[in-house]
S.K.: 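What follows is a structure written as structure tokens; I'll ask about it next.
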Amino acid sequence: MNEVLIVSATRSEAAYVPSRLPLLICGIGKVSAAIAMTQTLANHANTTGLTVLNVGTAGALRPATAGLFVPSVVHQHDISSAALRSMGYPVIDRYDLPGGDGSEVATGDTFVADPVQRDVLAARAGLVDMEAFAIAQACSHFGVACRLVKVVSDDADEGAMDWPARVDTAARLIGEWLERNVPA
């Protein structure tokens, strides 16, 4: 990585990002993330060699999923891709990302705290978040490399509502990963 930009939805998820690294807080959800990323990349002097690292928390969609992941695939889970394609409209709802660990994350604007919804999403991915797809899509549009670093904060069930109490632990893991993996 020649140059890196760390992107997080919230300050709490980025609490331990090393101060030497540039940081963008994009806000929660796909729309906020898309606007912030597009604006930032459009105003960036030179995106050649830039890598965007989207860091943050994710819900686990499958049992015994815990820890830190560097997903290889990001899906957009809340778009009617099949219906739109059947009407002849091309829809991008998946990006393959370099350097991942084989895990997949599904992105949507719904905060998943319902076991029924979680189980439906688990057919596509092991993790769920609210910004990664929009960030990956903006990066793709500008020809910028994108990687994801996600820490499981909850099981995408009723316990997800305790996210504010769990985010600090996840943020510490993100900070430690960045210290080890992003050169000074």
Side-chain angles (χ1 to χ4, degrees), residues 4-18 21 23-30 32-33 36-37 51-79 93-137 139 146-182:
V4 68
L5 172 63
I6 310 301
V7 179
S8 178
T10 67
R11 290 209 180 279
S12 56
E13 290 170 293
Y16 302 98
V17 169
L21 299 174
L23 173 64
L24 170 66
I25 303 300
C26 67
I28 295 173
K30 292 187 305 185
S32 293
M37 278 310 313
T51 297
V52 168
L53 286 175
N54 170 225
V55 301
T57 59
L61 297 173
R62 298 180 183 143
T65 301
L68 185 142
F69 294 86
V70 181
S72 299
V73 175
V74 60
H75 302 269
Q76 179 172 209
H77 75 73
D78 57 357
I79 188 167
D93 63 358
R94 172 193 170 115
Y95 285 100
D96 295 311
L97 305 169
D101 58 18
S103 62
E104 299 187 20
V105 61
T107 298
D109 282 321
T110 303
F111 184 84
V112 179
D114 172 29
V116 174
Q117 184 182 22
R118 175 199 60 210
D119 294 345
V120 169
L121 293 174
R124 283 184 83 181
L127 304 169
V128 64
D129 85 333
M130 296 177 69
E131 298 82 24
F133 184 86
I135 292 166
Q137 191 162 37
C139 287
C146 179
R147 294 185 70 199
L148 310 175
V149 179
K150 299 293 176 175
V151 175
V152 172
S153 57
D154 57 78
D155 291 326
D157 59 11
E158 311 79 33
M161 298 309 292
D162 289 335
W163 181 86
R166 299 174 182 183
V167 70
D168 190 71
T169 300
R172 287 179 192 276
L173 290 173
I174 291 166
E176 292 167 5
W177 187 92
L178 291 169
E179 282 290 354
R180 286 191 314 272
N181 292 283
V182 179

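Keep in mind that the numbers below use all heavy atoms, side chains included, and drop hydrogens, waters and symmetry copies.
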S.K.: Which pair of heavy atoms, one from A160 and one from A113, lies closest together, and at what distance?
M.R.: CB-CB, 4.1 Å
S.K.: Could you walk me through whether V167 and T57 pass the side chain to side chain contact (heavy atoms under 4.5 Å, CB included) test, one step at a time?
M.R.: CA-CA 7 Å; V167 70; T57 59; 4.1 Å; yes
S.K.: Where the side chain of R11 meets the backbone of I25, is there a donor-acceptor pair that is under 3.5 Å apart?
M.R.: no
S.K.: Which heavy atom in I174 sits nearest to a heavy atom in G56, and how many Å separate them?
M.R.: CD1-N, 3.6 Å
S.K.: Any side-chain heavy atom of L178 within less than 4.5 Å of one from V149?
M.R.: no
S.K.: Closer than 3.5 angstrom, by distance alone: can the side chain of R147 be matched with the main-chain N or O of G99 as a donor-acceptor pair?
M.R.: yes
S.K.: Does any non-hydrogen side-chain atom of V17 lie less than 4.5 Å from one of S8?
M.R.: no
S.K.: Using the rule side chain to side chain contact (heavy atoms under 4.5 Å, CB included), only one of V105, L148, L61, V74 pairs with L127; which is it?
M.R.: V105
S.K.: Counting distance only, does the side-chain N/O of D78 pair as donor-acceptor with the main-chain N or O of D109 below 3.5 Å?
M.R.: yes
S.K.: Is there a donor-acceptor contact under 3.5 Å from the side chain of D155 to the main chain of A60?
M.R.: no
S.K.: Mark yes or no for whether R166, through its side chain, and S153, through its backbone, hold a donor-acceptor pair below 3.5 Å.
M.R.: yes
S.K.: Could you please spell out the steps behind the side chain to side chain contact (heavy atoms under 4.5 Å, CB included) verdict for W177 and V151?
M.R.: CA-CA 10 Å; W177 187 92; V151 175; over 6 Å; no
S.K.: Indicate yes or no for a side-chain donor-acceptor contact from T110 to the backbone of V112 under 3.5 Å, with no hydrogens or angles considered.
M.R.: no
S.K.: Just how far is it from atom CG of L23 to atom CG of L5, taken to the nearest 0.5 Å?
M.R.: 8.0 Å
S.K.: I need the minimum non-hydrogen distance between R62 and R124, along with the two atoms involved.
M.R.: NH2-C, 4.0 Å
S.K.: Which heavy atom of V73 sits nearest a heavy atom of D96, and at what distance?
M.R.: CG2-OD1, 3.3 Å
S.K.: Please report the interatomic distance CG(D93) to CD1(I79), rounded to the nearest 0.5 Å.
M.R.: 7.0 Å
S.K.: Working to the nearest 0.5 Å, report the span between CE of M37 and CD of Q137.
M.R.: 12.0 Å
S.K.: So do P71 and S103 actually touch side chain to side chain, heavy atoms under 4.5 Å?
M.R.: yes
S.K.: Are Y16 and E176 close enough, and set up right, to give a side chain to side chain contact (heavy atoms under 4.5 Å, CB included), and what steps lead you there?
M.R.: CA-CA 8 Å; Y16 302 98; E176 292 167 5; over 6 Å; no
S.K.: Can you check whether M161 reaches F111 side chain to side chain, under 4.5 Å on heavy atoms?
M.R.: yes
S.K.: Would you call I28 and E131 a side-chain contact if the rule is heavy atoms closer than 4.5 Å?
M.R.: yes
S.K.: What pair of heavy atoms forms the shortest contact from I135 to A33, and how long is it?
M.R.: CG1-CB, 4.0 Å
S.K.: What's the spacing between L121 CG and E104 CD if we round to 0.5 Å?
M.R.: 12.5 Å
S.K.: Is there a donor-acceptor pair under 3.5 Å between the side chain of T107 and the backbone N or O of F133?
M.R.: yes
S.K.: Are the side chain of D157 and the backbone of P115 linked by a donor-acceptor contact shorter than 3.5 Å?
M.R.: no
S.K.: Going through the checks in order, is the side chain to side chain contact (heavy atoms under 4.5 Å, CB included) test met by L53 and N181?
M.R.: CA-CA 11 Å; L53 286 175; N181 292 283; over 6 Å; no
S.K.: Specify the closest pair of heavy atoms between A132 and K150, including all atoms of both residues, with the distance to one decimal.
M.R.: CB-CE, 4.2 Å
